[in-house]
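In what follows, residues are counted from 1 in the order of the sequence shown. These numbers come from a predicted model, not from an experiment.
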Amino acid sequence: GLFEITNATSGTALLVGVNNNATATPFLIDGGTVNLSALLDIKGHASPVILYQGTLNCFGNSRMSEVGNDRDGRIEVNGGVANIGSYSVAKSRSTGGFIVNGGVVNATGLQIGYWNSQCYATINGGFVTNTGPFTINDRVNAATTGERRVRFLIRGGTVVSTDAAGIIVANQANAAVGGSAAVLGGILDINAGTLIAEGITLVKDNTLTNAHANLILAGTGSIYLGSVGLNGNVGPINSSYSIAMSGGTLGAHNNFAINGNITLTGTAATFRAADPAGNPFGITANGVISSSGVLTKTGGGILTLNNNNT
C-alpha cells in the first residue's frame, strides 16, 4: 500500500520522537511505499525509522537531530529501497545514527556528526549511493573531554559516493581549544566491504585548528579512489591526520595521488593500480610509507613511490 504525507511542502513532514526523551517511538516500514513531501526529522533517544522492506521516499531530506544524550535515534535499512535525500546526523552512540544492513540506500548528501559529541554510521551490508557532499565530523562545538569522535564504519556492503569533492573527514575547525585525536575528530574505518569515491581528504585544509582525522583500512576492505586522491592536511594548531593500513586494498578508478604519510602493519596491505573491473590506472605516492608491514602491488597501472619509504 501507500502511506503519503503531502500537506507540507516545507518544514517537517514527519517528526519521530521528542528531543532528549527516552520514550521509544519507532516508525517501522515492512512493505509498501512511504512518501514524505517535506523533512523527516528524527528526535528522541530511542526513536528509529527502520525499513525492512518496501520503499521510503524522503522528498524533503532527512535528519537525526537529537542533541540531548547520545542514544539510538537512527535511520536503519535492512531491505527495500530508502531514498533519504540529504541526511544529517547530529550525534549518537554506536547503535544509532545511520545503520545499513541490507537493501538499497540513495542519498543526495551525507553529514555524519554535526553536534557536540560522538556519532556513528555503520554499513554492514547493502548498497549505498551518495551523489552530494559527504562529510564525517562536521561541527565546531565538540567538547574536549570524553568521547567526541565521529565514526563512519564500513563492515560490509558497498558505498559509492560520486560527489566531485570526495569525502571530507574533519570538515570544520573546533571552536574549543584542546582535545587530542583520542577525543576529537573523525574516523573512516573499513575492514570489509567496498568504498568507491572520488577521493578522501583528512582535515579539510591546512587552516583548520583543533581538527583530527583518521583513515583505517584493514581486513578484506577495499577503497577505490578517483582524481581527488588521498590527502592529509595539518593545520597550524592541534591538528593531525593518520592513514593506517593493516590489510585491505587501496585501488584506483582513475589516476590519483596520495599526498600523505601511510603506516603499514601486517602482511596483507595491497595497492591495486586498477579499478574493480581490472582497468589499469596509476597511483602516485608522494608521502612516506613506513613501519614494518608488507606492501603488495597488483593491477596493470603504474605505482610510483616518490619519497624515502622506511
message: Please determine whether a side-chain nitrogen of the Lys or Arg among Arg151 and Asp189 lies less than 4.0 Å from a carboxylate oxygen of the Asp or Glu.
response: no

Any donor-acceptor pair under 3.5 Å from Ser92 side chain to Tyr120 backbone: yes

Smallest separation among heavy atoms of Gly132 and Ser161, with atom names: O-OG, 4.4 Å

- prompt: Of all heavy-atom pairs between Thr162 and Glu198, which one has the smallest distance, and what is that distance?
  reply: O-CG, 4.1 Å

- prompt: Are the side chains of Ile200 and Leu195 in touch, meaning some heavy atoms are under 4.5 Å apart?
  reply: yes

query: Is there a side-chain contact between Asn124 and Ile99, using heavy atoms and a 4.5 Å cut-off?
result: yes

query: Distance from Met245 atom CE to Thr265 atom OG1, nearest 0.5 Å?
result: 9.5 Å

field: Gly97 backbone acceptor or donor facing Lys91 side chain under 3.5 Å
entry: no

Evaluation steps, side chain to side chain donor-acceptor pair (under 3.5 Å), between Asn61 and Ser86: CA-CA 5 Å; Asn61 300 319; Ser86 182; 5.0 Å; no

- request: With the side chain counted from C-beta on, respond yes when Ile136 and Ile168 share a heavy-atom pair under 4.5 Å apart, and no when they do not.
  value: no

task: Keeping the roles fixed (side chain from Gln111, backbone from Gly113), state whether a donor-acceptor pair exists under 3.5 Å.
output: no

- prompt: Roughly how far, to the nearest 0.5 Å, is the CG atom of Leu217 from the CG atom of Leu230?
  reply: 10.0 Å

task: Evaluate the criterion side chain to side chain donor-acceptor pair (under 3.5 Å) for residue pair Gln172 and Asn174; output intermediate values, then yes/no.
output: CA-CA 6 Å; Gln172 298 188 67; Asn174 199 53; over 6 Å; no

Donor-acceptor pair between Thr25 and Ser47 side chains, under 3.5 angstrom: yes

message: Please give me the minimum heavy-atom distance between Gly301 and Pro280, naming the atom from each residue.
response: N-CB, 3.5 Å

Tyr87 vs Phe98, ring-ring contact (aromatic ring centres under 6.0 Å, His included): CA-CA, chis, key distance, verdict: CA-CA 9 Å; Tyr87 181 49; Phe98 183 40; 5.4 Å; yes

message: Closer than 3.5 angstrom, by distance alone: can the side chain of Asn130 be matched with the main-chain N or O of Gly109 as a donor-acceptor pair?
response: yes

message: A side-chain contact here means heavy atoms from C-beta on lying under 4.5 Å apart; do Leu40 and Ile75 qualify?
response: yes

message: Just checking Phe134 against Phe152, ring centres under 6.0 Å apart?
response: yes

- line: Note: Leu184 and Ala142 closest approach over all heavy atoms is CD2-CB, 3.6 Å

query: Going through the checks in order, is the side chain to side chain donor-acceptor pair (under 3.5 Å) test met by Asn141 and Asn116?
result: CA-CA 5 Å; Asn141 62 340; Asn116 63 356; 5.4 Å; no

message: Can a side-chain donor-acceptor contact be found between Asn233 and Asn206 if the only test is distance below 3.5 angstrom?
response: no

- request: Mark yes or no for whether Tyr241, through its side chain, and Asn261, through its backbone, hold a donor-acceptor pair below 3.5 Å.
  value: yes

- prompt: How far does CG of Leu264 sit from CD1 of Ile289, to the nearest 0.5 angstrom?
  reply: 6.5 Å

In one Ile/Leu/Val/Met/Phe/Trp/Tyr side-chain cluster, 4.5 Å: Ile50, Leu56: no

query: When you measure from the side chain of Asn57 to the backbone N and O of Phe59, does any donor-acceptor pair fall under 3.5 Å?
result: no

- prompt: Quick one: does Val77's side chain get under 4.5 Å of Tyr52's, heavy atoms only?
  reply: no

- request: For Asp205 and Thr207, test the side chains for any donor-to-acceptor distance below 3.5 angstrom and give the result as yes or no.
  value: yes

- prompt: Between the side chain of Ser62 and the main-chain N/O of Ile84, is any donor-acceptor distance below 3.5 Å?
  reply: yes

- prompt: When you check the side-chain N and O atoms of Thr135 and Asn171, is any donor under 3.5 Å from an acceptor?
  reply: no

message: Run Asn286 and Asn306 through side chain to side chain donor-acceptor pair (under 3.5 Å) and show every step you take.
response: CA-CA 5 Å; Asn286 294 318; Asn306 282 337; 3.0 Å; yes

message: So Asn238 and His212, do their side chains get closer than 4.5 Å, heavy atoms only?
response: yes

statement: Shortest non-hydrogen pair, Val234 vs Ser239, comes out as CG1-O, 3.4 Å

task: Kindly say whether Ala197 contributes a backbone atom to a donor-acceptor pair with the side chain of His253 at under 3.5 angstrom?
output: yes

- request: Nearest 0.5 Å please: distance from the CG atom of Leu188 over to the CD1 atom of Ile154.
  value: 6.0 Å

- request: Measure the spacing between CD1 of Ile243 and CD1 of Ile258 and express it to the nearest 0.5 Å.
  value: 7.0 Å

Contact summary for Asp41 and Ser65, nearest pair of heavy atoms: OD1-OG, 2.5 Å

Side chain to side chain contact (heavy atoms under 4.5 Å, CB included) assessment of Phe271 paired with Thr298: CA-CA 6 Å; Phe271 280 17; Thr298 64; over 6 Å; no

task: Check for a donor-acceptor pair, side chain of Thr249 on one end and backbone N or O of Gly251 on the other, with a separation under 3.5 Å.
output: no

- prompt: Does Asp70 come within less than 4.0 Å of Arg93, counting only side-chain N to carboxylate O?
  reply: no

query: Side chains of Leu39 and Arg63: does their closest heavy-atom pair fall under 4.5 Å?
result: yes

task: With the side chain counted from C-beta on, respond yes when Glu76 and Leu51 share a heavy-atom pair under 4.5 Å apart, and no when they do not.
output: no

field: Arg139 side chain vs Ser117 backbone, donor-acceptor pair below 3.5 Å
entry: yes

field: From CD1 (Ile123) to OG1 (Thr194), nearest 0.5 Å
entry: 12.5 Å

message: My understanding is that only residues two or more places apart in sequence, or in another chain, count here; which of them pass side-chain hydrogen bond (donor to acceptor under 3.5 Å, both in side chains) with Ser242?
response: Asn214

